[in-house]
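Here's the structure, in structure tokens; my notes come after.
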Amino acid sequence: MDETNLSFPVSNLKATFANSEMTIYATLHLSSDMLSTNQAWQEGPVTNGKPGAHSTSGANLKSVGSIDFRSGVSTTGLSSTASTKSVAHGVLCTLTWALLMPIGVMIARYVKVFKSANPAWFYLHIGIQSLAFVVGVAGSVIGLKLSDPVGIKLSNVDRHRSIGVVVFFFGILQMLAFLLRPKPDHKYRFYWNIYHHVFGYATIILSIANVFEGFDLLTSKEKSKQIYIGILASLGIISAVLEALTWYIVIKRKKADSV
């Protein structure tokens, strides 16, 4: 194996091999602004004297640490702070972008068909969507500040972040839709409806897709993923029932008006 530098120069490389363990010694040449660094180590199979690919799950994902060059103290494993932030990001974004917003859409779609619910459905819709946006932005900001997870392809992380940025942008467009909302009889209301519906449904579809992208970045994901799928399925069934009921009421009302 050829000698090479790390993210900083190294020299005086030496190694010992005893009791099936290899220890490598080196002199590290650190710059004045390099106070700490991260490290990762792995264990994998060896076939015919050649190392094979290590596992990307379980203990292998926890084989990380950091070294503080000022104090000489090293830590191993993911910090509790990083873990807490990761959970907060996932929970906040899932509850807001991918659950509260769909519920807000269901209210606008199915509750307003009842005349007695007007204008309460509108304020309920706006309230839920605004709450989802504000809290969802907080969750998104936490996600942007998270470090890249170890053992996960960076392309997967970048895709998750990129979709999140698009969802955030679409969310802003939806907030602008509320501020720029013309009156029902305005000549531009038809175009506003298209704009509001297209970006609204696009936001929800991308949010749900990004939740599953986020699940793929987790080490223990199956239980959370199954729970979320179950909630989505429940909302889908409820929507199907309400959709049928809405069309029944609309058709019945039209027939009554034509008599």
Side-chain angles (χ1 to χ4, degrees), residues 38-47 51-66 75-106 128 131-133 135-168 170-171 201-242:
N38 298 319
Q39 58 177 331
W41 59 94
Q42 292 294 338
E43 179 183 63
V46 177
T47 304
H54 61 77
S55 173
T56 57
S57 62
N60 291 77
L61 289 182
K62 300 178 182 178
S63 301
V64 296
S66 63
T75 59
T76 59
L78 297 174
S79 68
S80 59
T81 300
S83 178
T84 300
K85 288 183 178 180
S86 178
V87 171
H89 164 67
V91 170
L92 289 178
C93 289
T94 301
L95 288 179
T96 54
W97 295 108
L99 282 179
L100 268 183
M101 281 198 173
I103 291 174
V105 170
M106 290 172 64
I128 290 177
L131 175 64
F133 176 75
V135 180
V137 167
S140 299
V141 170
I142 293 174
L144 289 174
K145 292 186 176 182
L146 288 174
S147 301
D148 292 335
V150 177
I152 302 297
K153 290 183 179 180
L154 289 181
S155 59
N156 295 349
V157 178
D158 291 340
R159 183 168 60 246
H160 180 63
R161 284 177 178 160
S162 298
I163 296 175
V165 170
V166 173
V167 168
F168 173 69
F170 282 3
Y201 285 115
T203 301
I204 291 174
I205 292 171
L206 286 175
S207 296
I208 293 174
N210 211 27
V211 167
F212 286 101
E213 289 286 342
F215 281 136
D216 290 339
L217 302 180
L218 299 176
T219 54
S220 301
K221 59 187 176 183
E222 288 308 317
K223 185 175 180 180
S224 300
K225 191 174 183 179
Q226 290 173 2
I227 292 174
Y228 182 63
I229 291 175
I231 294 175
L232 280 185
S234 299
L235 290 178
I237 293 172
I238 293 172
S239 296
V241 173
L242 291 176

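Just so it is clear, the model here is predicted, and its values are computed rather than measured. Positions are given from 1 along the sequence.
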Is any side-chain heavy atom of [X] closer than 4.5 Å to a side-chain heavy atom of [Y]?
X      : Y      : value
Lys85  : Lys145 : no
Asn210 : Leu206 : no
Met101 : Thr96  : no
Ile208 : Leu232 : yes
Val166 : Phe170 : yes

What distance do [X] atom [atom1] and [Y] atom [atom2] have between them, rounded to the nearest 0.5 Å?
X      : Y      : atom1 : atom2 : answer
Ser224 : Ile229 : OG    : CD1   : 11.0 Å
Ile142 : Cys93  : CD1   : SG    : 8.0 Å
Phe215 : Thr94  : CZ    : OG1   : 5.5 Å
Ile231 : Leu95  : CD1   : CG    : 8.0 Å

Parallel, tilted or perpendicular: rings of Phe168 and Phe133 (30°, 60°): parallel
Could you pull out the closest heavy-atom pair between [X] and [Y], with the gap in Å?
X      : Y      : value
Met106 : Ser239 : CE-OG, 3.4 Å
Val211 : Ala98  : CG2-CB, 3.5 Å
Ile128 : Leu100 : CG2-O, 3.4 Å

Evaluation steps, side-chain contact (heavy atoms from CB on, under 4.5 Å), between Val105 and Ile204: CA-CA 9 Å; Val105 170; Ile204 291 174; 3.3 Å; yes
Side chain Trp97, main chain Gly136, donor-acceptor under 3.5 Å: yes
